[in-house]
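If you read the sequence from its start, that first residue is 1, and numbering goes on from there.
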Amino acid sequence: MGSGSSTYRPKCIYLDIDGRIQKVVFSKYCNSRDIVDLFCIATGLPRNTTISLLTVDNCMVSIDPTMPANSERFSQSRLPLDPLRRSQAKDRGQWEPRLAKPAGVAEKEELFQSILTQVAEQFSRVFKINELKTEVANHLAMLEKKVELEGLKVVEIEKCKSDIKKMREEMAARSTRTSCPCKYSFLDENKKLAPRRDVPSYPKYMLSQETIEALRKPTFDVWLWEPNEMLSCLEHMYHDLGLVKGFNINPITLKRWLLSIHDNYRNNPFHNFRHCFCVTQMMYSMISLCNLQEKFPQIDILILMTAAVCHDLDHPGYNNTYQINARTELAVRYNDISPLENHHCAVAFQIIAQPECNIFSNATQEQFKRIRQGIITLILATDMARHAEILDSFKEKMDNFDYSNEEHVTCLKMVLIKCCDISNEVRPMEVAEPWVDCLLEEYFMQSDREKSEGLPVAPFMDRDKVTKPTAQIGFLKFVLIPMFETVTKLFPEVDEVMLQPLWESRDRYEELKQLDDAMKEASYTYLELGDIFQSNLKFAQKFNEK
């Protein structure tokens, strides 16, 4: 046995791979699978790839320890694998190395002639394949256009259905004081959020470099963009912040999620999808301005952005005070504790629960738990009833603020989303002022309904008592400016671009109020003079009669 094993020589197989000689050595104790794996390594293919080994005569060689060997001196006479055949073999997941038999000079000439013929045939096939690819691509483009047109028709039909449904809900809401104009009634436990309709995704707008740079600034004009363009901008933000790559978010799922978010914002005067975009864009600009990516982990950036997108989902246009006073379904469900904010959170995670809209599907269980808790905490912080509580807590932490302290960071994130939620006056006057009109319109709609239902009416919502200057001066002086002044202590870069515009806005509205007051006094004086003139005229008429 000793002499037998010493005389045993391993078997060698030489392969010609694109003109490169590869030597494969194996022993008689290797099985067929081991030999195939060796060939895969030699040819640069993944392991477990199916390989067919052929001779020049296209005879299949059995891949096993008993297969015939060849020698290196015949390497020049091997037929290399032609490029087209190679690409086809890759497509099938196979590789077909071929070996040539030893031949003389005459055989070599015949072999070269055969190769030239095959090359000519393969070039002909390549051109035909390219023509076929072009034809198929054109046909696919036509089909995609037809599908897109059909999808747009479906969108219009769905919008009509949605409008009819909203009208019916509004009519039903007027019939009872305790009804709430919200899409999801907890009385019907089987009713769930309908999945996003499967229509072609919104067009991908190529954002110019000028737009990309403007998007990072608080001065961005949110009124210039259509819904599809706003969706593309939101998509860009997630890509630009590295959230798509960092959390392995499927780009198609991100599109579907944003479309579903858009569809679940109502067409209210103020609390609508444009407000959602406005708040999210301000958050994006604050992340850039304050270099938050250097201070926060990426998961906190994801929480901030997603909470901003979802913070007012399915807002009915009537605030928490109305929900509680009217004893609506939402107020009953959430025991009068931030009913709207709780509803926004619920709708947000109803959307994410749909597999086709779950942007967190590749997050770990621990990551999702942290993301969910973070989003809920931030959305609940947007309830203005908690404003003083949150701001006082943040002020206490300001002197010794610690980014490694989770409680400090959570409090800062709550303040950041509050700043973004009510940041309209930070923007230029021509961008900010239309939002005041929208907000007052929504306030007046609520106060009119409260009057008709015999509910208490807040003075700042009563169309008979409030004006634009009086509505904004108090809000700026006692809410916005104190909060941004506190944030400026932690981020001095906010001073010039955010705090200064607030002071200018306050001064402008105070001037408007003085002008309004002067006009009222003038009108009162005019009325008094008119009354005196009328009384004198009547006296003169009586005197003439006498």
Side-chain angles (χ1 to χ4, degrees), residues 162 165-196 260-261 263-268 270-273 275-276 279 303 306-354 357-358 368-369 371-387 389-390 414 417-418 421 442-443 445-447 449-450 452-458 461:
S162 176
K165 184 179 178 182
K166 287 177 183 177
M167 290 173 65
R168 287 176 177 170
E169 288 175 351
E170 186 66 23
M171 290 174 66
R174 290 177 181 176
S175 63
T176 171
R177 202 183 88 169
T178 59
S179 64
C180 173
C182 295
K183 291 183 181 177
Y184 316 112
S185 168
F186 71 90
L187 299 176
D188 184 359
E189 295 297 338
N190 296 321
K191 192 172 185 180
K192 296 181 179 179
L193 182 70
R196 162 72 192 167
S260 189
I261 291 291
D263 286 353
N264 281 279
Y265 271 93
R266 299 191 178 202
N267 293 324
N268 298 316
F270 184 88
H271 291 101
N272 49 40
F273 178 69
H275 169 67
C276 152
V279 173
I303 289 169
T306 308
V309 170
C310 301
H311 82 283
D312 269 333
L313 273 169
D314 195 42
H315 196 296
Y318 300 91
N319 67 13
N320 281 332
T321 302
Y322 174 83
Q323 306 295 326
I324 294 167
N325 289 340
R327 304 172 192 171
T328 64
E329 294 177 359
L330 287 182
V332 174
R333 175 185 271 273
Y334 296 111
N335 303 310
D336 295 350
I337 301 172
S338 303
L340 285 180
E341 288 70 29
N342 276 292
H343 180 59
H344 304 326
C345 293
V347 177
F349 284 97
Q350 278 181 303
I351 293 172
I352 290 171
Q354 306 297 320
C357 297
N358 186 5
F368 180 76
K369 182 179 178 182
I371 291 168
R372 174 173 161 79
Q373 186 56 55
I375 291 172
I376 292 172
T377 299
L378 296 196
I379 293 178
L380 292 180
T382 60
D383 184 357
M384 287 303 295
R386 299 182 57 199
H387 177 79
E389 164 209 337
I390 294 170
M414 293 165 73
I417 196 168
K418 285 178 61 61
D421 189 24
E442 197 166 293
Y443 280 174
M445 183 175 68
Q446 175 175 323
S447 63
R449 183 166 183 167
E450 287 170 334
S452 67
E453 295 179 358
L455 297 174
V457 178
M461 288 187 170

_Nearest 0.5 Å, please: how far is CG in Asp336 from OG1 in Thr328?_
8.5 Å
*Exam field: side chain Asn320 to backbone Gln323, donor-acceptor pair closer than 3.5 Å*: no
*Taking all heavy atoms of Ile303 and all of Gly374, pick out the closest pair and write down the distance.*
CG2-C, 3.5 Å
*Evaluate the ring planes of Phe349 and Phe368, with Trp represented by its six-membered ring, and classify them as parallel (under 30°), tilted (30 to 60°) or perpendicular (over 60°).*
perpendicular
_Polar side-chain atom of Glu341 near backbone of Ala381 as donor-acceptor pair, under 3.5 Å_ = no
*Run through Ile371, Thr377, Leu378 and flag the one making a side-chain contact (heavy atoms from CB on, under 4.5 Å) with Ile375.*
Ile371
*How long is the span from the CG atom in Asp421 to the NE2 atom in His311, to the nearest 0.5 Å?*
4.0 Å
*Could you tell me the separation between the CZ atom of Arg372 and the CD1 atom of Ile352, rounded to the nearest 0.5 Å?*
9.0 Å
*If you take all heavy atoms of Asn264 and Ser260, which pair is closest and at what distance?*
ND2-O, 2.8 Å
_Quick test of your reading of the model: are Arg449 and Glu453 salt-bridged, counting only N-O distances below 4.0 Å?_
yes
_Keeping Asn268 on the side-chain end and His315 on the backbone end, is there a donor-acceptor pair under 3.5 Å?_
yes
*Ignoring hydrogens and geometry, is there a side-chain-to-backbone donor-acceptor pair from Asn342 to Ile337 under 3.5 Å?*
yes
_Spatial distance of atom CE (Met384) from atom CD1 (Ile390) [nearest 0.5 Å]_ = 9.0 Å
_Heavy-atom donor-acceptor pair, Gln446 side chain to Met461 backbone, under 3.5 Å_ = no
_Tell me if a side-chain donor or acceptor on His344 pairs with a main-chain N or O of Leu313 at a distance below 3.5 Å._
yes
*How many angstroms lie between atom CG of Asp312 and atom CZ of Phe270, to the nearest 0.5 angstrom?*
8.0 Å
*Closest approach of Ala307 and Ile417, non-hydrogen atoms and distance?*
CB-CD1, 3.7 Å
*Counting N and O atoms only, with roles assigned by atom type, does the side chain of Tyr334 sit under 3.5 Å from a partner on the main chain of Leu340, one being a donor and the other an acceptor?*
no
*Taking the side chain from Ser338 and the backbone from Leu380, do they hold a donor-acceptor pair closer than 3.5 Å?*
no
*Aromatic ring pairing His275/His271, orientation class (parallel under 30°, perpendicular over 60°, tilted between)*: perpendicular
*asked:* I'd like to check Ile261 versus Cys310 (side-chain heavy atoms, cut-off strictly below 4.5 Å). Are they in contact?
replied: yes
*asked:* Can you tell me how far apart CG (Leu455) and OG1 (Thr321) are? Round to the nearest 0.5 Å.
replied: 11.0 Å
